[in-house]
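In what follows, a single structure is set out as structure tokens and then discussed.
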Amino acid sequence: MTLPINFRSLMVFEDVNIVENQANPQVSLVQPVLNFLVPFLPTQLSFCVFAAVSDFKPEDVNNVEIVITNELTKEDIMIIPWQIEQIEQPTGITSTGIMISNIRNLIIPNEGQYTVSLKTYGEVLGTTYFEVFPQPQKMETNNA
């Protein structure tokens, strides 16, 4: 099956800064995340997911979703729907869509791998993942 949308990017970041400027808005993605070291489990994490797609038909309804899956349990712990709408694009320029999602206080039940998938019409466009590890405990020494 040929999907109506092309995958361009999917990344996890610590944070995002958006500078609103009508002439040229700026987006700064702060600190890519590959791993989280956490003091205890279960825990809560806050981070951003950046997704980009292209080559869709602007006149169509383009539904996409970001799905975060706990790979240990195979449970989807968050689904973020996204409907792509094309804002006036000059003729001849590829249609593009960008989504930045701020995820706050997502409950992470266990250590391990968490997959972030970009899906459309039930098909996976692309994936990435992050891992969660408990912080190593410091060994206390008794210097008596």
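What you are looking at is a predicted structure, and each value in this text was computed from that prediction instead of being measured.
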Query raised in the report: If you round to the nearest 0.5 Å, how far is CG of N110 from CD of E71?
Result: 11.0 Å
Query raised in the report: Any donor and acceptor pair, going by atom type alone, linking the side chain of N70 with main-chain N or O of L72 inside 3.5 Å?
Result: yes
Query raised in the report: So F36 and F130, would you call those rings parallel, tilted or perpendicular, with 30° and 60° as cut-offs?
Result: perpendicular
Report summary line: For residues 22-32, the salt bridge (Lys or Arg N to Asp or Glu O under 4.0 Å) pairs (sequence neighbours left out) are none
**Report entry** Considering all heavy atoms, the nearest F7-L118 contact
**Finding:** CD1-CD2, 3.9 Å
Query - Candidate pair V49 and T128, rule side chain to side chain contact (heavy atoms under 4.5 Å, CB included), full reasoning - result: CA-CA 10 Å; V49 175; T128 189; over 6 Å; no
Query raised in the report: What pairs meet the salt bridge (Lys or Arg N to Asp or Glu O under 4.0 Å) rule with one or both residues in residues 15-25, with sequence neighbours excluded?
Result: D15-R104
Query - Atom pair CE (M78) and CD1 (I107), whose distance is rounded to the nearest 0.5 Å - result: 9.5 Å
Requested in this report: Give a yes or no on whether I79 and M99 share a hydrophobic cluster (residues Ile, Leu, Val, Met, Phe, Trp, Tyr; joining criterion: side-chain heavy atoms under 4.5 Å apart).
Outcome: no
Query - Working for side chain to side chain contact (heavy atoms under 4.5 Å, CB included), residues V53 and L125 - result: CA-CA 9 Å; V53 296; L125 290 171; 4.2 Å; yes
Query raised in the report: What residues, two or more places apart in sequence or in another chain, satisfy side-chain contact (heavy atoms from CB on, under 4.5 Å) together with P42?
Result: none
**Report entry** Minimum-distance pair of heavy atoms, taken over all atoms of Y114 and P109
**Finding:** OH-CD, 3.5 Å
Query - Approximate separation, where rounding is to 0.5 Å, of F47 CZ and I103 CD1 - result: 4.0 Å
Query raised in the report: According to the side chain to side chain donor-acceptor pair (under 3.5 Å) rule, which pairs have a member within residues 39-49, sequence neighbours left out?
Result: none
Query raised in the report: In Å, rounded to the nearest 0.5 Å, how long is the span from OG1 of T69 to CG of D76?
Result: 4.0 Å
Query raised in the report: Does L41 belong to the same Ile/Leu/Val/Met/Phe/Trp/Tyr cluster as L106, with side-chain heavy atoms less than 4.5 Å apart forming each link?
Result: yes
Query raised in the report: Any link between I84 and I80 through a network of hydrophobic side chains (Ile, Leu, Val, Met, Phe, Trp, Tyr) touching at under 4.5 Å?
Result: yes
Report summary line: One should read off an interatomic distance between Q83 CD and N62 CG, to the nearest 0.5 angstrom, of 8.0 Å
**Report entry** Exam field: side chain T120 to backbone N63, donor-acceptor pair closer than 3.5 Å
**Finding:** yes
Query raised in the report: Do S54 and N6 have side-chain atoms, one donor and one acceptor, less than 3.5 Å apart?
Result: no
Query raised in the report: Judged by atom type as modelled, is there a donor-acceptor pair below 3.5 Å linking the side chain of T73 to the main-chain atoms of E75?
Result: yes
**Report entry** Cluster overlap F50 with V27, hydrophobic side-chain contacts below 4.5 Å
**Finding:** yes
Query raised in the report: Are I5 and W82 in one and the same hydrophobic cluster, where Ile, Leu, Val, Met, Phe, Trp and Tyr link if side-chain heavy atoms are under 4.5 Å apart?
Result: yes
Query - Hydrophobic cluster (4.5 angstrom, side-chain heavy atoms) - remaining members for F133 - result: L37
Report summary line: Between the OG1 atom in T127 and the CG atom in L10, the distance rounded to the nearest 0.5 Å is 7.5 Å
Query raised in the report: Going through the distances and angles, do I108 and I77 end up as a side chain to side chain contact (heavy atoms under 4.5 Å, CB included)?
Result: CA-CA 8 Å; I108 301 293; I77 60 173; 4.0 Å; yes
Report summary line: Sorted by chain and residue number, the ring-ring contact (aromatic ring centres under 6.0 Å, His included) partners of F13 (sequence neighbours excluded) come out as none
